[in-house]
Amino acid sequence: MNASTEDQPSGSLDFLKWGVIFLILAGAVFGNYFYADESVLIRAVAIVALVVVAGFIAMQTVKGRTAVAFAKESKTEVRKVVWPTRQEAIQTTFIVLVATFIMSLVMWGLDSFLFWIVGFITGLQV
């Protein structure tokens with residue numbers, strides 16, 4: 001982040017807005033339990049609507065605008081990524097599986113050897 005983004009003063013009503021957001025989301029949770037006898041579809045639509053309203057209010061705060069700007073920048077960066085081809089992904093996955101199998105054999109052998117050494121030193125045979 002650049003300095004201008006980090007040094008932005010918070011809005012005068014941001015604290016109040018975050019309080020309203022908290023109350024809306026708490027109300028959604030409470031309403032979901034209070035109206036447990038209602039249809040799941042109705043409750044789900046109400047919760048989605050309340051979350052959308054809370055998100056809209058959150059986007060009006062300084063931190064919300066910063067988060068939206070970050071999401072837009074992230075979307076731009078994802079477009080710049082060079083994704084592997086299907087063949088490269090399959091080959092890499094196969095290499096990881098083989099390396100994991102080999103390391104599991106090494107660890108099994110080391111565990112067996114150490115178990116044998118401890119049994120030999122202590123005289124306990126299992």
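These values consider heavy atoms only, across backbone and side chains, with no hydrogens, waters or symmetry-generated copies.
Note on Val53 and Val51: same hydrophobic cluster, where clusters join Ile, Leu, Val, Met, Phe, Trp and Tyr whose side-chain heavy atoms are under 4.5 Å apart, directly or indirectly. A single hydrophobic cluster is not seen to contain both Val20 and Phe56; linkage of ILVMFWY side chains at heavy-atom distances under 4.5 Å, directly or through other members, places them apart. Ile42 and Ile47 end up in different hydrophobic clusters when Ile, Leu, Val, Met, Phe, Trp and Tyr side chains are linked at under 4.5 Å. Both Ile121 and Trp116 are assigned to one and the same hydrophobic cluster, defined by single-linkage of ILVMFWY side chains at heavy-atom distances under 4.5 Å. Following chains of ILVMFWY side-chain contacts shorter than 4.5 Å, one cannot reach Tyr33 starting from Leu25, and the two form parts of different hydrophobic clusters.
Using a distance-only test at 3.5 Å, with no hydrogens or angles considered, no donor-acceptor pair links the side chain of Thr61 to the main chain of Ile57. Judged purely by atom type and a 3.5 angstrom limit, Lys17 uses its side chain to pair as donor or acceptor with the backbone of Gln60.
We find the OG1-CD1 distance between Thr122 and Ile117 to be 11.0 Å, quoted to the nearest 0.5 Å. Considering CD of Glu88 and OG1 of Thr93, their distance stands at 11.5 Å, rounded to 0.5 Å. Annotation: the span from Leu105 atom CG to Leu110 atom CG amounts to 12.5 Å, rounded to 0.5 Å. We find the CE-OG1 distance between Met59 and Thr66 to be 13.0 Å, quoted to the nearest 0.5 Å. To the nearest 0.5 Å, atoms CZ (Phe30) and OH (Tyr35) are separated by 8.0 Å.
Of all the heavy atoms in Ile24 and Ala54, the pair that sits closest is CG2-CB, 4.2 Å. When every heavy atom of Pro84 is checked against every heavy atom of Ala89, the shortest pair comes out as CB-N, 4.5 Å. Closest of all the heavy-atom pairs between Arg43 and Glu38 is NE-O, 3.6 Å.
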Quick one: do Val78 and Trp83 satisfy side chain to side chain contact (heavy atoms under 4.5 Å, CB included)? Show the steps, please.
CA-CA 10 Å; Val78 167; Trp83 297 100; 4.2 Å; yes
